[in-house]
Amino acid sequence: MSVGRVRPAVAAMASYRPGKSAAQAEDEHGITDAIKLASNENPYPPVPAVVEAIAAAAGDVNRYGDHRAADLRAAIAGWLDVDVDRVAAGCGSVGLLQQLLLAYVDPGDEVVYPWPSFEAYPIDVQLTGGVEVTVPLVDHTFDLEAVAAAVTDRTKLVLLANPNNPTGTAVHVDQLRRLVEQVPGDVLVVVDEAYREFVTADLGDPITDLQPGHPNVVVLRTFSKAFGLAALRTGYAVADPEVVVELDKVLIAFAVNHLAQVASLAAIAARDEVQAVVDRITAERDRVVASLRADGWDLPDAHANFVYLPLGSRTDVVFPEMEKRGVVVRPFPGVGMRVTIGTPAQNDRFLATLAEVAAGS
Ligand SMILES: Cc1ncc(COP(=O)(O)O)c(C=O)c1O
């Protein structure tokens, strides 16, 4: 007899698989000096003003934080020039994603998303008993006509990671508009912009260019990546006030912790310094892409803080050899390998290790 009667939907689910840490790889392979380029983290610590704000607030954690993160919502609204009742804060953008699923998806309802994409999507859909409707990528990017065609009267949500994880490709807001115009107004189109700050191409902004006139567009963003606050877990949504009200009903009490709020507020205030860090990362990304292409690798354009190598079955040979040499990247077995942009030295090591492994395989 099993312990407790777990819901069948949960029993059938896989757990979220975080990227392997450098320490785990060192233990497994008996090596030292491994580097982790597997979770699309910022390789740099938060800017000094943010670290100081976190340190100054550390003594306050005997109290709960502000459940609604009101100051943070107000700061985001002021920064983005949107009404404050259009802003929700959550425990990472994955927290908000789960809130969207809990608020909008009943068992049997359909959630449409391109695939491969962010691995949290199927887990959240399965959690709510929803039906996953996946639409294959074409040339590593969204086939938005096929996404629109996959929407039925059972569809509640369309999930689009833009840039997409793991492929790093991105679509212009005009393409998103064509999709939104084909979708019924009561289907929420969620544009997950976890990597938005790394986009250097002119792809428009769904908040200014799409949300006016399309109240069913929900934009998710995060402080985890560009702002370097992954461990603190702050994400935010910009959406119609009606959607924000429903999201707030399913927000776990005090989910956005006090240090996360303090740090995110300080990060908004220091956003010019943050931009300088982002610029270093995107310059490195462009260098890595150019270097890989010069070495003959075929890869899609990279719009986020990672590159994607569509190696197919070769992934299963190259990835373990990279890891044995202390370069921990993210494999998608039989499909490809995603590599986070690190410091210049880490990127050089990745490029040299890949060349070495490729020469031997
Ligand atoms: C597409 C996408 N959305 C959301 C997230 C999660 O971000 P957060 O740390 O805000 O939960 C990630 C993280 O890898 C991601 O790739």
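In this chain, numbering begins with 1 at the start of the sequence shown. Atoms within each ligand, like the ligands themselves, are counted from 1 in listed order.
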Could you list the donor-acceptor pairs under 3.5 angstrom formed between side-chain atoms of residues 227-241 and any protein atom two or more places apart in sequence or on another chain?
from   : atom 1 : to     : atom 2 : distance (Å)
Arg233 : NH1    : Ser224 : OG     : 3.3
Arg233 : NH1    : Ala230 : O      : 3.3
Thr234 : OG1    : Ser264 : OG     : 2.9
Asp240 : OD2    : Glu242 : N      : 2.9

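Side-chain N/O atoms of Thr222 and Lys225 include no donor and acceptor closer than 3.5 Å. Donor-acceptor pairing under 3.5 Å is recorded for the side chains of Glu132 and Tyr113. Checking Asn164 against Tyr195 by side-chain atom types alone, no donor-acceptor pair falls below 3.5 Å.
The contact shell of ligand 1, taken as protein residues with any non-hydrogen atom closer than 4.0 angstrom, comprises Gly92, Ser93, Val94, Phe118, Ala161, Asn165, Asp192, Ala194, Tyr195, Thr222, Ser224, Lys225, Arg233.
Atom CD1 of Ile31 is surrounded by more than 12 heavy atoms from other residues, nucleotides or ligands within 6.0 Å.
Using a 4.5 Å heavy-atom cutoff, the side chains of Arg73 and Ile76 are not in contact.
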